[in-house]
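Below, each value reflects all heavy atoms present in this structure, side chains not excepted, and no hydrogens, waters or symmetry copies. Read the numbers this way: they start at 1 and go in the same order the structure lists the ligands and their atoms. Numbers here simply count residues along the sequence, with the first being 1.
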Amino acid sequence: MILNDSLLALLSVIVTIIVILSMEGVAWFLHKYVMHGFGWFLHEDHHRYTGKRFQKNDVFGMFFALLSFAFILSGILSWSNIRLAIGIGVMSYGIGYFLVHDVFFHSRIRTNYRPKGTYLKRVLQAHAIHHQKSTAHTGVNFGFLYASKVPRE
Ligand SMILES: [Zn+2]
Ligand SMILES: [Zn+2]
């Protein structure tokens with residue numbers, strides 16, 4: 001079956017949205033079970049505020065940046081809309097993660113922007129609690145762009 005162009009475009013958008021939503025689950029899982037688990041040696045400096053420009057913890061972000069780059073490049077080279085859509089989804093989540101977590105919360109890039117929306121404030125509050133209450137193998141609020149009304153896990 002040959003998909004026509006508009007159907008393929010719609011499918012690509014749906015794939016991108018599904019990937020963005022799934023990435024929060026992937027990030028949550030990785031944060032809870034790997035970063036606060038056997039990968040703690042890489043995540044530890046994020047919880048200790050070394051004051052350095054770069055952290056070992058940045059390898060996680062780099063991994064997903066390379067993954068999205070690989071999908072985008074392979075999508076372009078092989079004319080695959082779906083690979084391109086997956087790559088754009090991973091990249092979009094990464095941009096959201098970087099803005100909310102690294103810029104708004106940790107101020108790694110200084111801006112005058114002050115979050116006003118209640119949802120964004122809730123997400124930032126949840127991450128503040130994560131930093132207060134988490135240790136190598138225990139913790140709360142492992143999500144990055146999603147936070148439930150009652151902050152937990
Ligand atoms: Zn953590
Ligand atoms: Zn953090």
Side-chain angles (χ1 to χ4, degrees), residues 11-76 80-153:
L11 189 66
S12 302
V13 171
I14 291 170
V15 168
T16 300
I17 292 168
I18 290 172
V19 170
I20 294 172
L21 297 176
S22 316
M23 276 302 295
E24 173 66 7
V26 170
W28 175 87
F29 184 89
L30 191 73
H31 191 190
K32 181 167 174 148
Y33 295 104
V34 178
M35 295 155 90
H36 284 268
F38 65 87
W40 175 248
F41 72 101
L42 291 170
H43 188 50
E44 187 178 13
D45 64 353
H46 181 65
H47 277 269
R48 291 201 195 283
Y49 290 111
T50 56
K52 291 183 184 151
R53 192 85 193 88
F54 295 100
Q55 307 166 348
K56 285 183 197 156
N57 183 56
D58 293 332
V59 298
F60 294 105
M62 291 292 293
F63 170 77
F64 286 104
L66 285 172
L67 186 72
S68 74
F69 178 76
F71 268 104
I72 290 169
L73 189 67
S74 126
I76 291 169
S80 161
N81 294 49
I82 298 305
R83 278 184 221 174
L84 189 61
I86 293 171
I88 290 172
V90 175
M91 182 185 73
S92 305
Y93 181 82
I95 292 170
Y97 164 83
F98 183 76
L99 276 178
V100 171
H101 178 260
D102 289 80
V103 179
F104 298 162
F105 189 88
H106 290 291
S107 304
R108 291 179 79 180
I109 296 175
R110 301 228 170 267
T111 61
N112 290 323
Y113 177 78
R114 290 286 167 273
K116 290 179 195 78
T118 26
Y119 180 74
L120 187 54
K121 281 183 182 166
R122 192 208 293 173
V123 168
L124 297 174
Q125 176 65 22
H127 195 65
I129 298 170
H130 173 72
H131 273 277
Q132 285 160 16
K133 297 199 173 166
S134 304
T135 61
H137 296 283
T138 60
V140 287
N141 302 337
F142 292 100
F144 291 108
L145 295 184
Y146 172 78
S148 60
K149 272 195 175 163
V150 185
R152 262 208 200 141
E153 303 198 287

- [ ] Name whichever N, O or S atom of H101 ends up nearest to the Zn ion (ligand 2).
- [x] NE2
Open item on the list: The test is side chain to side chain contact (heavy atoms under 4.5 Å, CB included); show your working for H47 and Q55 and say whether it passes.
Closed with: CA-CA 10 Å; H47 277 269; Q55 307 166 348; over 6 Å; no
Open item on the list: For F105 and H131, take the angle between the two ring planes, folded into 0 to 90°, and tell me which bin it lands in: parallel under 30, tilted 30 to 60, perpendicular over 60.
Closed with: parallel
TODO: May I ask you to check whether H101 and H31 place their ring centres under 6.0 Å from each other?
DONE: no
Task: Apex the Zn ion (ligand 2) - arms NE2 from H106 and NE2 from H127 - angle rounded to 10° - done: 110°
- [ ] Answer yes when D102 and R108 have at least one side-chain N-carboxylate O distance shorter than 4.0 Å, and no when they do not.
- [x] yes
Task: Parallel, tilted or perpendicular: ring planes of H106 versus H46, cut at 30 and 60 degrees - done: perpendicular
Open item on the list: Quick check on side chain to side chain contact (heavy atoms under 4.5 Å, CB included): which of W28, F142, F38 does Y33 satisfy it with?
Closed with: W28
- [ ] May I ask you to check whether over 12 heavy atoms, not counting those of F69, lie within 6.0 Å of atom CZ?
- [x] no
Open item on the list: If I only include protein atoms of type N, O or S, how many are less than 2.8 Å from the Zn ion (ligand 1)?
Closed with: 5
